[in-house]
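In what follows, a single structure is set out as structure tokens and then discussed.
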Number of protein chains: 2
Amino acid sequence: MTDSGAKQLHNRIASQIVERVRAQRLQAGEHLGEQDLADAFRVSRSPVRVALKLLEHMAVVQRRPNQGFFLKQGWEQLQPQPVTAGEQGEDELYYRIAEDHLSGALGLRFTERELIRRYGATRVRLTRLLTQMSDEGWLERLPGHGWEFQAVLTSVKTYEQSYRFRQLIEPLALEEPGYAIDQAAFDQVRREQQSMLDGELLRLSKAEVFRRGANFHETIVAASGNIFLIEGVRRVNRLRRLLEYHVNRDRSRLVNECRDHIDILDMIEAGDMVEAARFLRRHLSRASEAKMDLIAD
Amino acid sequence: MTDSGAKQLHNRIASQIVERVRAQRLQAGEHLGEQDLADAFRVSRSPVRVALKLLEHMAVVQRRPNQGFFLKQGWEQLQPQPVTAGEQGEDELYYRIAEDHLSGALGLRFTERELIRRYGATRVRLTRLLTQMSDEGWLERLPGHGWEFQAVLTSVKTYEQSYRFRQLIEPLALEEPGYAIDQAAFDQVRREQQSMLDGELLRLSKAEVFRRGANFHETIVAASGNIFLIEGVRRVNRLRRLLEYHVNRDRSRLVNECRDHIDILDMIEAGDMVEAARFLRRHLSRASEAKMDLIAD
DNA sequence: GGTTGCATTTTGTCAACACAAGAGACAGAA
DNA sequence: TTCTGTCTCTTGTGTTGACAAAATGCAACC
């Protein structure tokens with residue numbers, strides 16, 4: 001199965017090159033060294049070379065014989081690239097399987113063969129996905145043949161617990177000694193939240209709204225520097241994304257959440273961690289109650 | 001590659017049958033229904049049947065034509081089975097790879113092919129292991145070919161963070177509302193710890209000592225009922241097992257740890273959760289300091 | 001009716017091969 | 001030198017067929 005594009009390595013690299021040019025604010029005419037790029041993206045020169053040829057075709061770079069590629073357009077003329085980089089490693093099929101389980105289309109037990117037939121996926125890809133899912137705890141390999149969904153995804157209890165967990169963990173992260181802000185990341189998060197307040201909220205897809213919310217929480221926890229705290233929050237969010245996929249949230253409530261988020265950013269950047277932690281606790285508990293109402297329907 | 005035994009499904013089932021007979025205290029002469037067992041172990045009748053034939057060979061059960069298998073020995077005459085059940089799903093190769101990385105035998109970057117050649121492992125098995133490892137965060141798939149170890153396993157920082165994480169999480173778990181003891185599990189843990197105090201400590205393998213320690217912590221957290229807390233602790237312990245594999249601990253210190261553990265069990269069972277949480281914090285902080293000294297060498 | 005005994009179907013793993021594509025080596029131009 | 005251009009070697013994935021073993025269906029028996 002030849003993938004449409006996003007999954008081809010050189011396509012991803014091409015996007016990354018553009019992104020890099022923008023990040024480094026490179027002017028038209030500057031030289032793009034193959035080995036430089038290869039090192040930056042941790043690949044060999046081969047895929048970089050293909051990517052550059054691609055960009056030449058798009059008139060972004062120009063080739064000079066025996067001198068390599070040079071920027072034809074300055075960084076300001078380049079389109080920001082869609083977030084393929086963040087999406088990287090996430091498989092669409094992952095969500096499709098979860099979806100089909102939640103909607104009842106996929107029974108409690110199933111065999112790999114069944115999935116291969118149903119989704120037309122290949123064995124290796126499935127093996128990877130399934131082990132990942134079982135590692136995340138919502139799928140289990142049976143001793144003999146087949147797999148079985150755990151009750152995790154469907155039970156309200158899990159949902160409550162996920163909020164409880166965040167309520168315990170996240171404020172603690174804020175109060176960790178050595179808490180150090182990554183200003184660039186914080187600025188990015190602030191922009192994302194503010195733009196939603198400014199009306200973009202209604203235009204964005206459910207998935208994007210969720211991503212931004214999760215990103216906020218992951219970023220403020222990440223500043224604690226403790227990899228286990230970060231991983232814990234990430235893990236919960238991945239599961240939460242599946243759980244909330246079917247819940248249609250009241251968008252006006254979301255406005256309040258965004259305000260909370262920005263307030264919390266303010267407190268953290270002002271260095272008032274105790275207050276930020278307290279506020280975060282309240283924020284999470286309010287959010288939790290709101291969601292429980294929705295699920296109770 | 002025909003495995004020696006532990007990995008064959010029917011062998012595992014045979015062990016599980018014995019375990020079940022002991023757990024249910026079945027007398028000699030009792031009937032063992034195939035479907036019953038199959039349901040209990042979530043497999044079909046086929047492997048159960050093979051397992052029973054195996055047990056017949058070992059004179060544990062007796063077959064009566066057209067009536068199935070009957071216990072020949074009462075539960076008290078049966079040997080407790082080695083913990084193949086707990087070991088289930090863990091791959092020896094997993095630890096071997098970690099070991100080889102820590103000892104420097106395996107470079108920072110490597111290809112799957114390299115591992116196949118080096119360990120004589122099969123592709124599927126490796127794929128599963130590698131995705132698991134990358135899920136656990138200490139290995140990363142490169143965009144092109146190959147894999148790369150993260151700095152997680154080697155850095156002292158990770159080690160500190162793992163203790164910090166436990167110090168935050170575990171006491172909180174004890175104070176969760178709805179904390180409910182699984183008495184059987186607690187009794188088991190208590191036996192494990194007490195027997196080490198009674199001198200068994202010197203005879204046990206490093207791996208078993210670690211397992212018991214980890215089991216203690218996971219069990220008391222498990223009683224909180226929150227799956228995210230439990231998973232968090234489990235995850236840290238898996239990593240910690242790798243990190244501590246190379247540290248030779250002072251066994252006399254371990255005696256103190258065992259005493260602490262038993263004290264904590266006492267407090268919890270007495271319902272004094274606040275005191276238990278406080279003591280647990282101190283316990284973890286002491287243990288952390290002790291280990292840091294060792295690593296500093 | 002429910003269970004065993006047996007036969008049949010299905011599944012998952014492994015080995016082998018083909019192929020696209022990434023990694024690495026080397027000569028030659030700047 | 002240092003980097004490009006080109007070439008070869010290696011890697012990873014997809015596919016197929018074989019085989020052991022797990023799942024399943026059915027007749028026979030208690």
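As a basis for the values below, the full set of heavy atoms in this structure was taken, side chains included, without hydrogen atoms, waters or symmetry mates.
- Side-chain contact annotation: B:Tyr95 with B:Asp100, donor-acceptor N/O pair under 3.5 Å absent.
- The side chain of B:Glu112 has D:dG12 as its nearest neighbour among C:dG12, D:dG12, C:dT13.
- In the set D:dG14, C:dA15, D:dG25, C:dA15 carries the atom at the smallest distance from any side-chain atom of B:Thr122.
- Relative to the ring axis of A:Trp75, A:Arg25 places its NZ or CZ within 45° and under 6.0 Å from the centre.
- Residue A:His31 places at least one side-chain N or O closer than 4.0 Å to OP1 or OP2 of D:dT4.
- For A:Leu130 and C:dT13, the CG to C1' distance is 15 Å, given to the nearest whole Å.
- Side-chain contact between B:Glu56 and B:Phe69 is present, with at least one heavy-atom pair separated by less than 4.5 Å.
- Candidate nucleotides C:dA23, D:dA22, C:dA15 were compared by shortest atom distance to the side chain of A:Pro47, and C:dA23 ranks first.
- The nearest heavy atom of DNA chain C to B:Val124 and to A:Gln67 marks one nucleotide each, and the one closer to the 5' end goes with B:Val124.
- Following rounding to the nearest Å, A:Arg123 (CZ) and D:dT15 (P) show an atom-to-atom distance of 11 Å.
- Listed candidates were D:dA22, D:dT4, C:dG12. Nearest to the side chain of B:His10 is D:dA22.
- Looking at B:Glu136 and B:Arg238, a side-chain N of the basic residue comes within less than 4.0 Å of a carboxylate O on the acidic one, giving a salt bridge.
- Side-chain contact, B:Glu99 with B:Tyr94: no donor N or O sits under 3.5 Å from an acceptor N or O.
- With rounding to whole Å, A:Gln35 atom CD is found 17 Å from D:dT1 atom P.
- Listed for the A:Gln73 side chain is no donor-acceptor partner under 3.5 Å among the backbone atoms of A:Gln27.
- At least one side-chain nitrogen or oxygen of B:Gln8 sits closer than 4.0 Å to the OP1 or OP2 atom of D:dA21.
- A donor-acceptor contact under 3.5 Å is formed by the side chain of B:Arg45 with the base of C:dG5.
- Here the shortest heavy-atom pairing between A:Arg20 and A:Ala40 reads NH1-CB, 3.4 Å.
- No side-chain donor-acceptor contact under 3.5 Å links A:Arg240 and A:Tyr159.
- Between the CZ atom of B:Arg118 and the P atom of D:dT11 there is a distance of 14 Å, rounded to whole Å.
- Contact of the A:Gln24 side chain with the A:Glu19 side chain is not registered, since no non-hydrogen atoms from C-beta on lie closer than 4.5 Å.
- Rounded to whole angstrom, the span from the CG atom of B:Asp36 across to the C1' atom of C:dT4 amounts to 13 Å.
- Residue A:Arg109 is classed as having no contact, given no heavy-atom separation below 4.0 Å to the nucleic acid.
- Between B:Arg12 and D:dA22 there is no side-chain N or O to OP1 or OP2 distance below 4.0 Å.
- Nearest to the side-chain atoms of B:Leu9 among the listed nucleotides D:dA22, C:dT3, C:dG12 stands D:dA22.
- For the pair B:Arg109 and B:Phe149, the NZ or CZ position fails the cation-pi test of under 6.0 Å to the six-membered ring centre and within 45 degrees of the ring normal.
- For D:dA22, neither phosphate oxygen OP1 nor OP2 lies less than 4.0 angstrom from any side-chain nitrogen or oxygen of B:Arg49.
- Between B:Ser44 and D:dA23 there is a side-chain N or O to OP1 or OP2 distance below 4.0 Å.
- Between the side chain of A:Ser46 and the base of C:dA21, no donor-acceptor pair under 3.5 Å is found.
- Rounded to whole Å, the distance from CZ on B:Arg113 to C1' on D:dG12 is 8 Å.
- No hydrogens or angles considered: nothing links the side chains of A:Thr127 and B:Thr127 as a donor-acceptor pair under 3.5 Å.
- One interatomic measurement links the two molecules: CD1 of A:Ile116 to C1' of D:dT16, which rounds to 13 Å at whole-angstrom precision.
- If one axis is set at each end of the helix from C:dG1-D:dC30 to C:dA30-D:dT1 from five pairs, those axes are 40° apart, to 10°.
- Here the side chain of B:His145 is nearest to one of D:dT13, D:dT11, D:dA22, namely D:dT11.
- Between C:dA23 and A:Arg42, no contact under 4.0 Å exists linking OP1 or OP2 to a side-chain N or O.
- Rounded to whole Å, the distance from CG on A:Leu52 to C1' on D:dT6 is 16 Å.
- Taken residue by residue, residues 53-66 of chain A places heavy atoms nearer than 4.0 Å to DNA chain D at A:Arg63, A:Arg64, A:Pro65, A:Asn66.
- Looking at heavy-atom distances under 4.0 Å, A:Val43 makes contact with sugar-phosphate atoms alone, never a base.
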